[in-house]
Amino acid sequence: MTHAHIIVTLLLALFTTQAALAYPIEKQIGIASGFGWTDTEFRDPSIDTFGLRETPSYTEVKNPNIPWSVYAGLRFHPNYGVELSYVSFPRIEFEKTLEQRNTNTGELTKYSVRDARIHASGITLNHVIYLPLFWNFNLAAKAGVLLGEVKYHDKELLQSPRETGNGSELVTSQSQETSTDSLSAAHLAVALNWRPSKNWSTRWQVEQVKFKNDGEKETFTQWYSSLALPYHF
């Protein structure tokens, strides 16, 4: 059993125990959407081997689509609850260029462009601590685990040398690769809630998840800011 599975088991045990002991229990459901951004760390260095130097470079990271989430929560106490959600984080898009040159002549020996599209999504289960403020406002801090997947779609344009009767020339080829990795990560969020009526409230939330693509030496920290109109019952 992995650490993530142990955490989920403990959280579910706490969920069941609290539900059995606490009364009355307030329930809420909601749909949220907003915008997101990504902090990216690229760790692929320039490499010198056998008289050749490979140099990577990257374009600006973009998040072109709209993230969204659905969630349900139980509040057992004015200051404590749990929340279960499904979150689709913003898609990550960028291009990585890799040049290989002869260190003596400066001649280009290989050139590739990787068009990367990466998307993380999954189920979160969080502890929620509520802090009452004023005028029916409260602040919520959330911590838990996200279990899901990361989908990678890489399209590569490669130019490599080929010998001809007149010397060498660069030949172009294209390839595509799609893969999916499981995702188990800590999930953190903070929310500001306003409760103007018994059954309805307004929620602004910022949440964060971090994951790595070890094969490409990349680390992504994603942020998702959302608005929701939760229904309480």
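Predicted model, so just to flag it, every value in this text is computed and none were measured. Numbers for residues simply follow the sequence, beginning at 1.
In this structure, Asn65 contributes its side chain and Arg91 its backbone to a donor-acceptor pair below 3.5 Å. When atom types are taken as modelled, the side chain of Asp214 and the backbone of Lys217 share no donor-acceptor pair closer than 3.5 angstrom. The main-chain N or O of Glu107 is found under 3.5 Å from a side-chain atom of Thr105 such that the two form a donor-acceptor pair.
Side-chain contact annotation: Gln222 with Lys210, donor-acceptor N/O pair under 3.5 Å absent. Side chain to side chain, Tyr80 and His127 meet the donor-acceptor criterion of an N or O pair below 3.5 Å. Between Gln174 and Gln176, the side chains place no donor N or O within less than 3.5 Å of an acceptor N or O (distance only, hydrogens not considered).
Remark: Arg117 engages no residue in a side chain to side chain donor-acceptor pair (under 3.5 Å) (not counting sequence neighbours). Considering only residues two or more places apart in sequence or on other chains, Thr180 meets the side-chain contact (heavy atoms from CB on, under 4.5 Å) condition with Glu149, Lys151. Annotation: side-chain contact (heavy atoms from CB on, under 4.5 Å) contacts of Ser173 (sequence neighbours excluded): Leu158.
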What's the verdict on side-chain contact (heavy atoms from CB on, under 4.5 Å) for Thr172 and Leu157, showing C-alpha distance, side-chain angles and the deciding distance? CA-CA 7 Å; Thr172 301; Leu157 175 69; 3.1 Å; yes

Evaluate the side-chain contact (heavy atoms from CB on, under 4.5 Å) criterion for residues Glu54 and Glu99: first the C-alpha distance (whole Å), next the side-chain angles of each, then the deciding distance (0.1 Å), finally the verdict. CA-CA 6 Å; Glu54 286 189 350; Glu99 283 190 354; over 6 Å; no

Should Leu84 and Ile123 be marked as a side-chain contact (heavy atoms from CB on, under 4.5 Å) after you check the CA-CA gap, both sets of side-chain angles, and the distance that decides it? CA-CA 7 Å; Leu84 178 72; Ile123 295 173; 3.6 Å; yes

Determine, step by step, whether Ser201 and Asn193 satisfy the side chain to side chain donor-acceptor pair (under 3.5 Å) criterion, reporting the C-alpha distance in whole Å, the side-chain angles of both residues, the deciding distance to 0.1 Å, and the verdict. CA-CA 7 Å; Ser201 66; Asn193 304 285; 5.4 Å; no

Apply side-chain contact (heavy atoms from CB on, under 4.5 Å) to Gln159 and Val171, showing your working. CA-CA 5 Å; Gln159 292 182 322; Val171 178; over 6 Å; no

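Its side chain within the 4.5 Å cluster rule, Val190 clusters with Phe35, Trp37, Leu131, Leu133, Phe134, Trp135, Phe137, Leu139, Leu192, Trp194, Trp204, Val206, Trp223, Leu227 among the Ile, Leu, Val, Met, Phe, Trp and Tyr residues. Applying the 4.5 Å side-chain rule to ILVMFWY residues, one finds that Leu188 remains a lone member of its cluster. Other cluster members for Tyr152: Phe42, Tyr58, Val61, Val87, Phe89, Ile92, Phe94, Ile118, Leu146, Val150, Leu183, Val209, Phe211, Phe220, Tyr224, joined by side-chain heavy-atom distances under 4.5 Å among Ile, Leu, Val, Met, Phe, Trp and Tyr.
When side chains are defined from C-beta on, Glu216 counts as touching Arg114, because their heavy atoms get closer than 4.5 Å. Residues Arg53 and Arg101 have side chains not in contact (no heavy-atom distance under 4.5 Å, counting atoms from C-beta outward). A heavy-atom distance below 4.5 Å is found between the side chains of His187 and Asn126. Contact check for Gln28 versus Trp200: no side-chain heavy atoms found under the 4.5 Å cut-off. For the pair Ser226 and Ser33, the minimum side-chain heavy-atom distance is 4.5 Å or more. Looking only at side-chain heavy atoms (C-beta outward), His232 and Lys27 stay at 4.5 Å or farther from each other. Counting only heavy atoms from C-beta outward, the side chains of Lys96 and Val113 never approach each other to under 4.5 Å. Residues Ser88 and Ser69 fail the side-chain proximity criterion, which asks for heavy atoms closer than 4.5 Å.
To the nearest 0.5 angstrom, Thr59 atom OG1 is 8.5 Å from Asp115 atom CG. To the nearest 0.5 angstrom, Ser57 atom OG is 10.0 Å from Glu95 atom CD. In this structure, the separation between CD1 on Ile47 and CD on Gln100 is 10.0 Å, given to the nearest 0.5 Å. Going from atom CD of Glu207 over to atom OG1 of Thr124 covers 6.5 Å, rounded to the nearest 0.5 Å. Leu147 contributes atom CG, which lies 5.0 Å from atom OG of Ser184 (distance to the nearest 0.5 angstrom). Atoms CD1 and CZ, from Ile25 and Arg75 in turn, are 13.0 Å apart once rounded to the nearest 0.5 Å.
Taking all atoms of both residues into account, the shortest heavy-atom contact from Glu83 to Gln205 is OE2-OE1, 4.5 Å. Between Asn63 and Pro90, the shortest heavy-atom contact is CB-CB, 3.9 Å. Nearest heavy atom pair, residue Asn104 against residue Asn102, reads N-OD1, 2.8 Å. Closest approach of Asn79 to Pro132, counting heavy atoms only: ND2-CD, 3.6 Å.
By the 6.0 Å contact criterion, CG on Leu108 is enclosed, its count of non-hydrogen atoms from other residues, nucleotides or ligands being greater than 12.
Aromatic ring centres of Tyr86 and Trp68: separated by under 6.0 Å.
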